[in-house]
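Here is the structure we will look at, set down as structure tokens.
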Amino acid sequence: LLASFGDGALARLNVVVSAGPTFEDIDPVRFIGNRSSGKMGFAVAAAAAQAGARVTLVAGPVSLAAPAGIARRIDVRSAAQMQAAVLDACAQADIYIAAAAVGDYRPAEVAERKLKKQAGADMVLKLAENPDILASLSAQPTHPFLVGFAAETHEVANYARGKLQRKGLDMIAANRVGEGMGFETADNALTLYWADGEVELPRTDKAALARQLIAHVAERYKTARA
Ligand code: CTP
Ligand code: CA
């Protein structure tokens, strides 16, 4: 326990981690969600705490216990709630790691009463675009070191590098989803990209992968701030 304070790679740093899916309500009984389990983000929060950081974990709806050693957990449901919690926590943060699978769209209107079935007719649901949490942070004049995630089914490197640039990130961790790996599995594999480098983290359990990710984040953070 003592070894986790003061002498780790992230000692004295405030780290915010977002994890899990977001749920966007349609009516009082229905929502749009996604298949993120939160496991990778929770493992990243645990690894950051092990590295000595003061960790704030902003969690979407997941069924996971808070990792040992984190300072604070904030539970949210929608992308808008996640954005508010992340922006608030990031005012004091050195590093933000965005592992959450934020819903890109939400129902344009949330029905106050349960929608009733119209038998024999299609249902059309109008969706509104959600704010991009990472992009809103990088647009601020001062903001933490930003680490994004990119889950891709194809053209992983192209899409990941595109997001690194477009969202103004310092680093992005990309993984291929589908083919039995990614959201609900215990294992994962990541490729980390930054402006002038990249590194492959081969398939292993999410706890080991998170510790490797954190080691690279600490190194890049120190290079960027040196
Ligand atoms: N992200 C975010 N706010 C959003 C959507 C995504 O902060 N509204 C963050 C995610 O937490 C992740 C990164 O952006 O760290 C990339 O998310 P991803 O869904 O892969 O990127 P998008 O730009 O939404 O592109 P697409 O879903 O079309 O691949
Ligand atoms: Ca998206």
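One-based numbering, in listed order, for ligands and for the atoms of each. Treat the numbers as computed from the prediction; the structure is a model and nothing was measured. One-based numbering along the sequence shown.
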message: Do the side chains of Lys163 and Glu152 get close enough for a salt bridge, i.e. N-O under 4.0 angstrom?
response: yes
message: Does this structure show an ion pair linking Glu198 with Arg161, if we count only N-O contacts that are shorter than 4.0 Å?
response: yes
task: Answer with yes or no whether the side chains of Asp104 and Asn130 bring together a donor and an acceptor at under 3.5 Å.
output: no
query: Regarding Ser136 and Gln83, is there a side-chain donor-to-acceptor distance under 3.5 Å anywhere?
result: yes
message: Considering non-hydrogen atoms of the protein only, which is the closest contact for atom 7 (O) of ligand 1, and what is the distance?
response: Leu134 N, 3.0 Å
message: Looking only at protein heavy atoms, which one is nearest to atom 16 (C) of ligand 1, and what is the separation?
response: Phe149 O, 2.9 Å
message: Between Tyr159 and His154, does the ring pair (Phe, Tyr, Trp, His ring centres under 6.0 Å) criterion hold? Intermediate values first, please.
response: CA-CA 8 Å; Tyr159 282 124; His154 59 287; 5.5 Å; yes
- request: Counting heavy atoms only, name the option from Val177, Leu164, Ile133 that's nearest to atom 3 (N) of ligand 1.
  value: Ile133
task: Assign the ring pair Phe23 / Phe31 to parallel, tilted or perpendicular, where the plane angle (0 to 90°) is split at 30° and 60°.
output: parallel
Is a donor on one side and an acceptor on the other found under 3.5 Å between the side chain of [X] and the backbone of [Y]?
{"X": "Asp25", "Y": "Asp27", "result": "no"}
{"X": "Gln92", "Y": "Ala89", "result": "no"}
{"X": "Thr22", "Y": "Gly103", "result": "yes"}
{"X": "Asp170", "Y": "Phe145", "result": "no"}

Have a look at ligand 1 and work out which part of [X], if any, has a heavy atom under 4.0 Å from it: side chain, backbone, both or neither.
{"X": "Gln83", "value": "neither"}
{"X": "Ala135", "value": "neither"}
{"X": "Asn130", "value": "neither"}
{"X": "Ile172", "value": "neither"}
{"X": "Ala100", "value": "backbone"}

- request: Can you sort out which atoms of ligand 1 are near Gly148, meaning under 4.0 Å from one of its heavy atoms?
  value: 15 (O)
Counting both backbone and side chain atoms, is some N or O of [X] under 3.5 Å from an N or O of ligand 1?
{"X": "Val102", "answer": "no"}
{"X": "Ala98", "answer": "yes"}
{"X": "Asp104", "answer": "yes"}
{"X": "Pro131", "answer": "yes"}
{"X": "Lys163", "answer": "yes"}

- request: Consider ligand 1: state whether an atom of it lies below 4.0 angstrom from any non-hydrogen atom of Lys167.
  value: yes
